[in-house]
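For ligands, and for the atoms within them, numbers begin at 1 and follow the listed sequence. All values derive from a computational prediction rather than experimental measurement.
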Amino acid sequence: MQNQNHLILKVLYLLFCFMFFSCYINAQLLIPAKLDGFWYHNRSPKPDSIVIEAFFDPVCPDSRDSWKPLKKAIQHYGSSSVSLVLHTFPLPYHDNAFLTSRALHIVDKLNISVTYHLLEAFFDQQEKFYGKATSNLTRTAVREKIANFVVETVGSSYSAAILDGFNDVKTDQATRISFKYGSLRGVYGTPSFFVNGFPLTDADSSLGYEGWLKNLDPLVKKQGN
Ligand SMILES: *[C@@H]1O[C@H](CO)[C@@H](O)[C@H](O)[C@H]1NC(C)=O
Ligand SMILES: *[C@@H]1O[C@H](CO)[C@@H](O)[C@H](O)[C@H]1NC(C)=O
């Protein structure tokens with residue numbers, strides 16, 4: 001009996017070690033080589049600039065509605081005092097959220113100057129990518145449709161690279177990393193915003209231009225001192 005107990009303990013111990021090491025290895029793989037996100041105007045922030053982080057889903061109507069006022073606010077302050085970094089956060093209950101997010105990662109790798117242009121194109125024509133528009137299409141057909149849309153938007157010179165991008169495991173990984181990054185920050189919906197690392201609690205699509213100014217004005221004033 002005692003031998004049997006010993007055996008069970010040994011097996012459990014080995015199992016525990018195995019689980020510990022496999023989780024440990026996964027955790028190690030998780031750390032990306034660079035901080036996630038697409039900087040607006042390709043600019044990383046100066047040390048004392050205000051940093052806005054936006055978590056957007058390219059096929060989320062609320063993300064779409066929140067973009068114009070945010071963009072206007074950034075233009076108001078100028079990108080030397082306010083910087084924006086965008087993270088894709090594909091919501092599981094939105095059709096094709098992951099694929100459209102992946103398209104942004106693909107394009108960002110090819111030319112960081114066109115990432116936001118593609119984001120705006122998705123926002124402008126979102127209804128092409130969910131609901132009835134894609135409900136009868138296979139996953140492959142949807143991917144083709146999205147790839148064609150991306151090529152039309154960013155230019156046919158990128159055509160081959162974009163198609164390759166959808167087969168490149170690295171762009172899949174990059175899109176997963178964005179999602180994990182958002183999850184680690186406690187993001188559970190889009191749009192979600194953080195200012196200097198702190199969450200904007202009332203931040204949804206109802207946060208208009210005036211709302212942004214109300215939040216940012218006091219910070220910009222302090223920054224000037
Ligand atoms: C990236 O895109 C911008 C804007 O369309 C363009 O002016 C620039 O030439 C592109 N760069 C490369 C390396 O293709
Ligand atoms: C999807 O396919 C079914 C069966 O062919 C058809 O009855 C339905 O109208 C189609 N739906 C759309 C939105 O095209």
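The protein non-hydrogen atom at the shortest distance from atom 10 (C) of ligand 1 is Asn111 ND2, 2.4 Å. In terms of protein heavy atoms, atom 13 (C) of ligand 2 is closest to Lys132 O, 3.9 Å. For atom 4 (C) of ligand 2, the closest non-hydrogen atom on the protein side is Asn136 ND2, 4.6 Å.
If you look at Val114 next to ligand 1, the close heavy atoms, those under 4.0 Å, all belong to the side chain.
Here the CD-NE2 distance, from Gln75 to His41, works out to 6.5 Å after rounding to the nearest 0.5 Å.
Residue Tyr158 approaches ligand 1 through these ligand atoms, each under 4.0 Å from one of its heavy atoms: 1 (C), 10 (C), 12 (C), 14 (O). Close approach of ligand 1 to Ser113 is summarised as follows: ligand atoms under 4.0 Å from at least one heavy atom of the residue are 2 (O), 3 (C).
Cation-pi geometry between Arg185 and Phe194 is met: the NZ or CZ atom falls under 6.0 Å from the ring centre, inside 45° of the normal.
In this structure, atom 2 (O) of ligand 2 is in close contact with the protein, since a protein heavy atom lies within 4.0 Å of it. Shown here, atom 7 (O) of ligand 1 is out of close reach of the protein: none of its heavy atoms lies under 4.0 Å off.
Within the 6.0 Å centre-distance limit, the rings of Phe149 and Phe122 are counted as a close aromatic pair.
Checking Tyr77, Phe56, Trp67 one by one against Tyr40, the ring pair (Phe, Tyr, Trp, His ring centres under 6.0 Å) holds for a single residue, Trp67.
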Exercise for review: Could you give me the CA-CA distance, side-chain angles and deciding distance for Asp172 and Arg176, then say whether salt bridge (charged side-chain N to carboxylate O under 4.0 Å, His left out) is met?
Suggested key: CA-CA 6 Å; Asp172 177 74; Arg176 292 181 191 210; 2.8 Å; yes

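Ring planes of Phe55 and Phe89: perpendicular class, angle over 60° (limits at 30 and 60°).
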